[in-house]
2 protein chains.
Amino acid sequence: MQSDQVPVSAATVLDALGDGNRRSILERLVAGPLPVGVLADQLPISRPAVSQHLRVLKAADLVVVSVVGTRHLYRINRSGLEAVRDYLDRFWTAALDNFAALAEGEAAQPADPQGSQHRSA
Amino acid sequence: MQSDQVPVSAATVLDALGDGNRRSILERLVAGPLPVGVLADQLPISRPAVSQHLRVLKAADLVVVSVVGTRHLYRINRSGLEAVRDYLDRFWTAALDNFAALAEGEAAQPADPQGSQHRSA
DNA sequence: GTCAACCGTTGGTCTTTGCTTACGCTGATC
DNA sequence: GATCAGCGTAAGCAAAGACCAACGGTTGAC
């Protein structure tokens with residue numbers, strides 16, 4: 001019910017993508033739909049653990065499931081990816097604006113020795 | 001040394017973005033560069049906690065710091081965002097290919113009652 | 001030189017969360 | 001109807017990590 005009308009929040013998707021095993025699951029699903037048991041065989045965790053990760057990924061609209069008999073085929077979904085892309089684009093454009101504003105500020109008063117000398121601690 | 005030549009891995013960036021407080025920090029920095037103390041005042045966590053989060057964000061190339069006297073001004077950086085965009089684009093195109101391949105398969109043998117009836121658990 | 005402001009780091013505590021074992025349910029097969 | 005394959009869920013436990021207080025270091029002001 002939450003996979004079509006209401007888009008998931010970017011926070012939910014990023015929390016889902018914040019785990020290495022969940023990213024591994026998605027990378028396996030890139031090659032094509034897979035059932036839970038096959039995913040568990042390809043990962044160093046048990047099948048219930050995979051099932052729990054898939055629940056998180058499904059809540060984030062990153063995967064969809066097709067029930068075929070007793071097999072649950074999971075497949076990558078684009079809805080979750082859209083939410084992240086939009087979220088990141090906000091920072092992207094904002095970083096551009098910040099950089100432009102900073103360049104203007106430095107052009108206005110170019111005398112800033114320390115600010116322009118060291119860039120990383 | 002890691003902020004320019006060698007791009008950070010998408011895993012590092014996604015792990016960094018997997019925390020709500022770190023995302024809040026980035027959202028504050030969208031409006032412009034801020035020192036650590038001001039960030040801590042705007043967030044429900046202490047200043048050392050903010051400092052630790054900033055260390056993670058800096059390792060992920062999501063922020064850069066400009067030292068001005070005793071003040072450390074943090075600003076959003078695009079390098080980390082690029083890594084995530086590239087990573088997500090892999091899934092994006094792969095999901096498209098999967099969908100195309102699946103459509104071909106269904107067109108080849110459209111007789112699949114259960115597979116097309118229930119789509120979500 | 002002295003003091004204050006600002007920040008990074010460390011040690012320790014506690015919450016979060018990821019994993020496994022055990023169990024129950026559904027659908028296919030005979 | 002009985003049996004088996006394939007999953008999801010709940011409970012308990014261990015590892016990860018997020019948090020704070022205290023400390024030390026550096027810079028600027030006087």
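Residue numbers begin at 1 in each chain, while the letters A, B, ... track the order of the sequences.
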Between the two end axes of the helix from dG1(C)-dC30(D) to dC30(C)-dG1(D), each built from 5 base pairs, what angle do you get to the nearest 10°?
-> 30°
Is any side-chain nitrogen or oxygen of Y74(B) closer than 4.0 Å to OP1 or OP2 of dC6(C)?
-> no
Protein-nucleotide distance (K58(B), atom NZ; dC7(C), atom P), rounded to Å = 13 Å
With sequence neighbours excluded, what pairs up with D89(B) under the side-chain hydrogen bond (donor to acceptor under 3.5 Å, both in side chains) test?
-> R85(A)
Between dA18(D) atom C1' and L57(B) atom CG, what is the distance in whole Å?
-> 14 Å
Out of dC7(D), dC7(C), dG18(C), which has the shortest distance to the side chain of R71(A)?
-> dC7(D)
Between C1' of dG18(C) and CG of D19(B), the distance in whole Å | 16 Å
Verify the contact: side-chain N or O of R55(A) to OP1 or OP2 of dT9(D), cut-off strictly under 4.0 Å; return yes or no.
-> yes
Any T70(A) side-chain N or O less than 4.0 Å from OP1/OP2 of dA5(D) | no
Interatomic spacing from CD1 in I25(A) to CG in L57(A) - rounded to 0.5 Å | 6.0 Å
Value rounded to 0.5 Å, distance of CD in E82(A) from CG in D61(A) = 10.0 Å
Round to the nearest Å and state the distance from I25(B) atom CD1 to dA18(D) atom P.
-> 11 Å
Below 4.0 Å: OP1/OP2 of dG8(D) and any side-chain N or O of H72(A) | yes
What residues form a side chain to side chain contact (heavy atoms under 4.5 Å, CB included) with R71(B), not counting sequence neighbours?
-> P35(B)
Residue set satisfying side chain to side chain contact (heavy atoms under 4.5 Å, CB included) with T70(B), at least two apart, ordered chain then number -> none
Should V56(B) and L39(B) be counted in the same cluster of Ile, Leu, Val, Met, Phe, Trp and Tyr side chains packed under 4.5 Å apart?
-> no
Contacts of N21(A) and S51(B) projected onto DNA chain C by closest heavy atom; the upstream (5') one is S51(B)
Length of the CG-P vector between L54(B) and dT9(C), whole Å = 11 Å
With a cut-off of 3.5 Å and sequence neighbours excluded, list every side-chain donor-acceptor pair involving residues 9-17 of chain A.
unit_1: S9(A); atom_1: OG; unit_2: T12(A); atom_2: N; d: 3.3
unit_1: S9(A); atom_1: OG; unit_2: T12(A); atom_2: OG1; d: 2.9
unit_1: D15(A); atom_1: OD1; unit_2: R23(B); atom_2: NH1; d: 3.2
unit_1: D15(A); atom_1: OD1; unit_2: R23(B); atom_2: NH2; d: 3.3

Within the structure, does a side-chain N or O atom of H53(A) lie under 4.0 Å from either OP1 or OP2 of dC19(C)?
-> yes
Residues within residues 39-49 of chain B bordering DNA chain C, heavy-atom distance below 4.0 Å | R47(B), P48(B)
Rounding to 0.5 Å, atoms CZ (R75(B)) and CG (L34(B)) come to a distance of 11.5 Å
Gap between atom CZ of R90(A) and atom CG of L26(B) - 0.5 Å precision | 10.0 Å
May I have the distance from Q52(A) (atom CD) to dC23(C) (atom C1'), rounded to whole angstrom?
-> 14 Å
